[in-house]
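Inspection log for the structure reproduced underneath, given as structure tokens.
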2 protein chains.
Amino acid sequence: MPPDTKTRILDAAETRFAEHGYSATSLRDITTLATANLASANYHFGSKSALLEAVIRRRVVPVNNERLRLLDELEAKVGSGRLDVEPVVRAFLAPVFQTTVESGFREPKFMQLVGRMHSETNSDFRDVFLRLFVEVGKRFGSAFSRARPEIEAGEVMWRLHFMIGSLAHTMVWERYVGEMLAPPARDRQELLGALTRFVVAGMRAEGVQSGETGSAAR
Amino acid sequence: MPPDTKTRILDAAETRFAEHGYSATSLRDITTLATANLASANYHFGSKSALLEAVIRRRVVPVNNERLRLLDELEAKVGSGRLDVEPVVRAFLAPVFQTTVESGFREPKFMQLVGRMHSETNSDFRDVFLRLFVEVGKRFGSAFSRARPEIEAGEVMWRLHFMIGSLAHTMVWERYVGEMLAPPARDRQELLGALTRFVVAGMRAEGVQSGETGSAAR
DNA sequence: GTCTATATGCGGATAGAC
DNA sequence: GTCTATCCGCATATAGAC
């Protein structure tokens with residue numbers, strides 16, 4: 001257990017937000033788990049939503065920085081040459097699975113939190129998260145458009161969303177799949193591999209064909 | 001506005017659960033929107049979680065029935081022959097986009113609700129939803145395994161999750177993407193088409209290659 | 001910085017008149 | 001079936017002693 005109260009509260013909040021979501025978690029619950037006094041949460045963070053913001057920032061900023069770093073590296077390497085889909089997908093997905101981006105990541109709580117950040121549409125949650133995500137979204141959108149120039153830009157953006165959705169859903173439900181379907185019981189790297197294969201293939205798919213619509217083949 | 005109070009409450013609850021989620025929505029908010037008395041919610045449904053269950057059932061049961069019907073039809077058609085990935089994907093995705101499965105679907109509220117049902121892990125929400133989803137999950141898992149027999153069963157199950165994630169995330173965020181990325185402004189059928197292309201390609205991807213792991217190519 | 005105590009309001013649920 | 005009024009617990013937040 002971390003020594004200072006502020007960090008303990010941050011950790012406890014992360015755990016509970018990941019498990020139950022923002023609205024369903026009370027400060028009482030958080031401070032109890034943190035073995036801290038109820039009032040200390042407001043003393044250190046000011047309000048519940050400010051605490052949420054601190055929790056998100058602590059995790060998202062390093063992951064997004066790592067994503068951008070990998071993308072920079074990749075773009076520098078290929079120069080003005082051809083940009084392949086696969087390394088771009090990896091640059092986006094891998095940092096989430098990487099437990100050592102910054103010291104202190106405790107699995108699998110963090111994975112769930114990331115998943116929830118993408119799926120939660122509570123306005124407090126969303127506002128904070130969107131602010132932190134805009135740059136990454138734009139950079140990766142451009143990178144995928146460059147890797148798949150034949151695909152219309154709008155469809156590329158949707159594919160970015162599909163990728164995020166696959167990632168987020170996997171993170172959130174990872175520990176519940178056993179209740180729902182036979183648990184495949186993979187380790188993290190295998191899961192990242194499976195997700196990468198799926199997304200890379202999706203990104204490489206042909207765009208809409210002439211004459212075809214979404215309701216075709218029915 | 002529907003005539004009877006019970007339906008109005010159901011509609012209002014659906015709207016608010018879709019917009020803000022279960023925990024963040026109060027019965028007061030729901031009954032006000034429904035122009036009904038606070039006490040009437042408990043009179044008609046017994047409790048908040050029972051209301052949630054009614055909301056989910058009303059929408060999920062017809063969609064899942066339609067999914068199973070399409071899959072039955074497909075399996076009957078191909079008999080013991082080859083089962084292609086694409087129509088299975090379509091059988092899963094299309095009923096969600098079909099606004100006329102049962103009369104009374106009001107877009108795009110319903111799409112958001114479906115998205116939330118897949119992403120919400122609040123235990124009330126999850127329990128109800130899992131119960132309704134188990135059969136569909138198993139049937140489609142088997143169908144995909146049959147369509148992609150070379151892929152290990154565990155990976156097929158994960159791909160099913162990836163598909164659900166893409167779908168759910170798209171539903172939940174459809175109306176927010178404008179805040180986040182340039183809005184592609186597609187219509188529903190185009191969106192279904194884009195999602196189908198992505199998922200079909202993902203499902204058709206090769207499985208893990210010998211010697212490769214998820215952390216490869218880094 | 002940490003605690004107790006408390007202000008203040010919203011939450012779900014229900015009793016009981018009509 | 002629908003209403004008012006209310007119970008009662010839990011929520012966030014803060015005041016103020018130590």
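Naming convention: chains lettered A, B, ... in sequence-line order (proteins, then strands); numbering from 1 in each chain.
- Take R139(A) and apply the side chain to side chain donor-acceptor pair (under 3.5 Å) test, not counting sequence neighbours, and it matches D72(A), E75(A).
- Looking only at distances, no side-chain donor or acceptor of R67(A) sits under 3.5 Å from a matching main-chain atom of A91(A).
- Smallest separation of non-hydrogen atoms from T25(A) and G21(A): OG1-O, 2.6 Å.
- Comment: K138(B) does not engage E135(B) in a salt bridge, judged by the lack of any side-chain N to carboxylate O separation of less than 4.0 angstrom.
- Taking a 4.0 Å limit (strictly below) on heavy-atom distances, residues 36-46 of chain B reaches DNA chain C at L38(B), A39(B), N42(B).
- Remark: F162(B) engages F198(A) in a ring pair (Phe, Tyr, Trp, His ring centres under 6.0 Å) (not counting sequence neighbours).
- Looking at R58(B) and E14(B), a side-chain N of the basic residue comes within less than 4.0 Å of a carboxylate O on the acidic one, giving a salt bridge.
- First and last contacts of DNA chain C with chain A, using any nucleotide atom under 4.0 Å from a protein heavy atom and ordered 5' to 3', fall at dG1(C) to dT4(C).
- Checked by atom type, the side-chain pair D29(B)/T32(B) shows no donor-acceptor distance below 3.5 Å.
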Could you list the donor-acceptor pairs under 3.5 angstrom formed by side chains in residues 36-46 of chain B, with sequence neighbours left out?
{"unit_1": "N37(B)", "atom_1": "OD1", "unit_2": "A39(B)", "atom_2": "N", "d": "2.8"}
{"unit_1": "S40(B)", "atom_1": "OG", "unit_2": "N37(B)", "atom_2": "O", "d": "2.4"}

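- Ring orientation note: the planes of F144(A) and F140(A) are tilted relative to one another, at an angle of 30° to 60°.
- Aromatic rings from H169(A) and H169(B) are positioned such that their centres are separated by 6.0 Å or more.
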Nucleotides 8-11 of chain D: which of its N/O atoms have a protein N/O under 3.5 Å away?
{"unit_1": "dA11(D)", "atom_1": "N7", "unit_2": "R28(A)", "atom_2": "NH1", "d": "3.3"}

